[in-house]
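One structure is given here, and the rest of the page talks about it.
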Amino acid sequence: MTIQIYNTLTRNKEPLEPVHPGRIGIYLCGPTVYKEAHIGHMVGPVIFDCIKRYLTYSGFEVTWIVNITDVDDKLIAQSQERGISMNQVATEMTMDYCANLLALGVDQITHLPKATENMDEIIQFIQDLIEKRFAYAVDGDVFFDVAQDSQYGKLSNRKAEDQQGEGGGAAAKKRSSGDFALWKAAKQNEPSWESPWGPGRPGWHIECSAMSRRILGQTFDIHGGGLDLMFPHHENEIAQSECCHGQPMAKYWVHNGLLRAGEAGKIGGRADRQQGEPQCDEEESAQKMSRSKGAGGLRSQIARFGGDRIRFCLLRTHYRSTIVFSDEGIAEAGTALDKFYTFFERYERITSTSFYLTGTPTDPRRLIRRRAAGDFDPAGDGLLIELKNLRDSYLAKMDDDFNTGAAVSDLFQMLSVLNKFIDDQKLEDSSHDSSAMASFLRGCETLRELSAILGLFLKPPQVVGGGSGDDDRVLDDVMRVMIDLRTAAREKKDFATADQIRDRLGELGIVLEDRKGETGWKRQAES
RNA sequence: GGCGCCGUAGCCAAGUGGCUAAGGCAGCGGAUUGCAAAUCCGCCAUCCCCGGUUCGAAUCCGGGCGGCGCCUCCA
């Protein structure tokens, strides 16, 4: 019943015990907003969105921070390249980032603090470190003195010497190569802030130490980020914060696996490997998203496939493992999710209400029933006993380090159970038993409850294809005509004509479904 | 070179000491259907290789082989 959480710091699962009972603070390293977000940037936010939902569901009051790095070398480079201010670049890309988050259903973030809006806190933090002799200023730069930190490297199991940090001119100023910049003196024409060491800007790591302290305190519960940030970024955050405060920065360090762009075919060997054919092509190998061409296509991908589908692709795998993100994977997720969408249509025909409104008294964002509230007594009802077992199984998996990949299977099983119940009880006929209907409705609430934890099915999928509402209304009218004509043909046993209509529509991506007494239609999912 | 991860069915993917190894996609057989679609039922893996620990291992240890990440301000 206690939630277990994997802690990178100890390389073990540990029971989640908050610093302050009943409350949990989460800090997730967010993006540097210098260009459009890509799908790889969404992995952390999506999994942490689920984690927050689940913790809230489990009774905790959760504060979740995602920082926005809006001052940085790459931002400066972009602004110079585009001839606009750094602030303008940052504003544009922050909006892009947030738009993508919302499209994927990530709406649980409490604060999105920006580095540039926390300069006082950052400067104060650096001053504290200098006073405590963990940092030193040289010609307008300030460096962290790694040699003073006996604990350095405990997160990633590395030594200070491994940290290269700033090269070039900065290297000469450092006491040792492992030292890293807390403050960088401004060069010509660079945006800068006044400080005790002269005009400059913060180094990469310090904003996280400063902002997490301001909002969450000196020691907070969960610090997250991609696996690639473990070293040097998180290691340096720990060094700064723990040297400054003399207490742990975060209790649990949670790292999500990275995404790779999947390519069909054999994976080629490493370039630096000597043996074997030297001719295998790098083209073939799956590659990490961050530097690949996958960037930029995110918004169109979400528009094309729908946020739930992308989200499902990310949640069907355990968050700590690598996700291979491929076209085939998206297509497969589409087929899998269609089972749910088909069920929701069925639900609507039976109940005349939208599944998306089930158990949602108010704002869909708040659609998190408390765990205790969702519990129920099956009271000997066969359907409810099955669903209760699946619910228990699901919750046990989520309790075990947020195992969304495993939990998903219970959702599919619930779907089968509910579909079977509809078939067996003939709920689609008018003559069904009212107590069966009551069980059904209760069962659907559980499906709603559990899928909401993953942030799935919170709203209907947008109509794929992007027609305006008017177009859709016209299309629906036209489809009525087609269906009427076909129905007439079928009644005359003119199946050749009926099948021709269905086949031709099929070529257009429209699927007809003959049910008792009526024929429905829908568009085939985009793949 | 240093640190770390992974190898489960045609594909994706849970499971990390003990019931018949989840679930999804694809496929096959059946129910249903005028035929389909949707839905339901059934079938479909002994877990990269070798050795060890154990009453018992996909799960622990050792050794191979193979894939991947970080060590470059990339989530």
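Proteins get letters first, then strands, A, B, ... in listed order; numbering begins at 1 in each.
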How far, in whole Å, is B:U53 from B:G63 if one measures between their C1' atoms?
15 Å

For the pair made of CG in A:L415 and P in B:C41, what is the distance, rounded to whole Å?
11 Å

Once you measure the plane-to-plane angle for A:Y27 and A:F220, does it fall in the parallel (<30°), tilted (30-60°) or perpendicular (>60°) bin?
tilted

How close or far is atom C1' of B:A36 from atom CD of A:E513, stated in whole angstroms?
11 Å

Measure from the side-chain heavy atoms of A:H318 and tell me the nearest of B:A75, B:C25, B:A14.
B:A14

Quickly work out the A:R316 CZ to B:A14 C1' distance and round it to whole Å.
11 Å

Is there a Watson-Crick or G-U wobble partner for B:A37 with both distances under 3.5 Å, and if so, which one is it?
none

What's A:E345 touching, base or sugar-phosphate or nothing? Going by heavy atoms closer than 4.0 Å.
nothing

Would you indicate what A:L227 reaches in the nucleic acid, counting non-hydrogen atoms under 4.0 angstrom: base, sugar-phosphate, or nothing?
nothing

Quick test of the criterion, 5.5 Å between centres and less than 30° between planes. Is A:F495 stacked on B:G34 or not?
yes

Looking only at B:G34, B:A13, B:A75, the nucleotide nearest the A:A498 side chain is B:G34

By the 4.0 Å heavy-atom rule, please label A:K493 as base, sugar-phosphate, or nothing.
nothing

Can you tell me if the side-chain N/O atoms of A:S416 get under 4.0 Å from OP1 or OP2 in B:C40?
yes

Going by distance alone, is a donor N or O of one side chain under 3.5 Å from an acceptor N or O of the other, for A:D401 and A:Y319?
yes

Nearest-nucleotide pick for A:K420, side chain only, options being B:C35, B:G23, B:C40:
B:C40

Distance between the C1' atoms of B:G17 and B:A58, in whole angstroms?
10 Å

Quick check for you: to the nearest 0.5 Å, what is the distance between A:F325 atom CZ and A:C313 atom SG?
5.0 Å

Can you tell me how far the CD1 atom of A:I51 sits from the CD1 atom of A:I5, to the nearest 0.5 Å?
6.0 Å

Calculate the interatomic distance between A:L314 atom CG and B:C12 atom C1'; express it in whole Å.
14 Å

Touch check for A:G520, heavy atoms < 4.0 angstrom, all strands: base, sugar-phosphate only, or nothing?
nothing

Using the C1' atom as the reference point in each nucleotide, state the distance between B:C43 and B:G10 in Å, no decimals.
16 Å

In a check of ring-ring contact (aromatic ring centres under 6.0 Å, His included) between A:H233 and each of A:W253, A:F180, A:W204, which one passes?
A:W204

Reckon A:H233 touches a base, only the sugar-phosphate, or nothing at all at heavy-atom distances under 4.0 Å?
nothing

Whole angstrom is fine here: how far is it from CZ in A:F231 over to C1' in B:C71?
6 Å

When the P atoms of B:U8 and B:C48 are considered, how many whole Å apart are they?
6 Å

Name the nucleic acid region contacted by A:V511, choosing base, sugar-phosphate or nothing; use a 4.0 angstrom heavy-atom cut-off, strictly under.
sugar-phosphate

Looking only at side-chain atoms of A:T342, point me to the closest of B:A38, B:C35, B:A26.
B:A38

Give a yes/no answer on whether the side chain of A:N157 brings an N or O atom under 4.0 Å of OP1 or OP2 in B:G4.
yes

Side chains of A:N118 and A:E207 only: does a donor on one sit below 3.5 Å from an acceptor on the other?
no

Base-pairing mate for B:C44 - Watson-Crick or G-U, with both contacts under 3.5 Å
none

Base, sugar-phosphate or nothing for A:D499? Non-hydrogen atoms, less than 4.0 Å.
base

Spacing of A:H255 atom NE2 relative to B:A75 atom P, expressed in whole Å
13 Å

Could you tell me the separation between the CD1 atom of A:I501 and the OG1 atom of A:T487, rounded to the nearest 0.5 Å?
8.5 Å

Considering Watson-Crick and G-U wobble pairs with both distances under 3.5 Å, what does B:A57 pair with?
none

Would you measure the distance from the C1' atom in B:G15 across to the matching atom in B:G27 and give it in whole Å?
25 Å

RNA chain B nearest-nucleotide lookup for A:G226 and A:A406: closer to the 5′ end is A:A406

Taking a pair as Watson-Crick or G-U wobble with both distances under 3.5 Å, which nucleotide is matched to B:G1?
B:C71

Could you work out which one of B:A75, B:C25, B:A14 sits closest to the side chain of A:E332?
B:C25

If you measure from the C1' atom in B:C5 to the same atom in B:G42, how many Å do you get, rounded?
39 Å

Mind checking if A:T69 touches a base, just sugar-phosphate, or nothing, with heavy atoms under 4.0 Å?
nothing

Pair A:D499 + A:R490: basic N to acidic O under 4.0 Å:
no

Given B:C25, is OP1 or OP2 found less than 4.0 Å from the side-chain N or O atoms of A:K339?
yes

Considering only side-chain heavy atoms of A:R158, which listed nucleotide, B:G2, B:G34, B:A75, is closest?
B:G2

What nucleic acid atoms does A:R502 come within less than 4.0 Å of, heavy atoms only: base, sugar-phosphate, or nothing?
base

Between B:A75, B:G34, B:G2, which one does the side chain of A:D228 approach most closely?
B:A75

Rounding to an integer number of Å, can you tell me how far A:D338 CG sits from B:G23 P?
20 Å

Taking only the side-chain heavy atoms of A:H41 (C-beta and beyond), determine which of B:G24, B:U39, B:A75 contains the nearest atom.
B:A75

Using purine N1 to pyrimidine N3 plus N6-O4 or O6-N4 for Watson-Crick, or N1-O2 and O6-N3 for G-U wobble, both under 3.5 Å, which nucleotide pairs with B:G66?
B:C6

With rounding to whole Å, what would you report as the distance between B:U46 and B:C11 at their P atoms?
14 Å

Counting the atoms with a prime plus P, OP1 and OP2 as sugar-phosphate, which does A:G44 contact under 4.0 Å by heavy atoms, base, sugar-phosphate, or nothing?
nothing

Mapping A:R490 and A:G30 onto RNA chain B by nearest heavy atom, which one lands closer to the 5' end?
A:R490

What nucleotide among B:C25, B:A75, B:A22 has an atom nearest to a side-chain atom of A:V43?
B:A75

Verify the contact: side-chain N or O of A:T519 to OP1 or OP2 of B:A37, cut-off strictly under 4.0 Å; return yes or no.
no

What is the separation between atom CG on A:D400 and atom C1' on B:A14, rounded to the nearest whole Å?
11 Å

Measuring from A:H205:NE2 to A:T69:OG1, what's the distance to the nearest 0.5 Å?
11.0 Å

When you compare B:U59 with B:A14, how far apart are their C1' atoms, in angstrom units rounded to a whole number?
13 Å

Looking at every strand, decide which applies to A:N403 at a 4.0 Å heavy-atom threshold: base, sugar-phosphate, or nothing.
sugar-phosphate

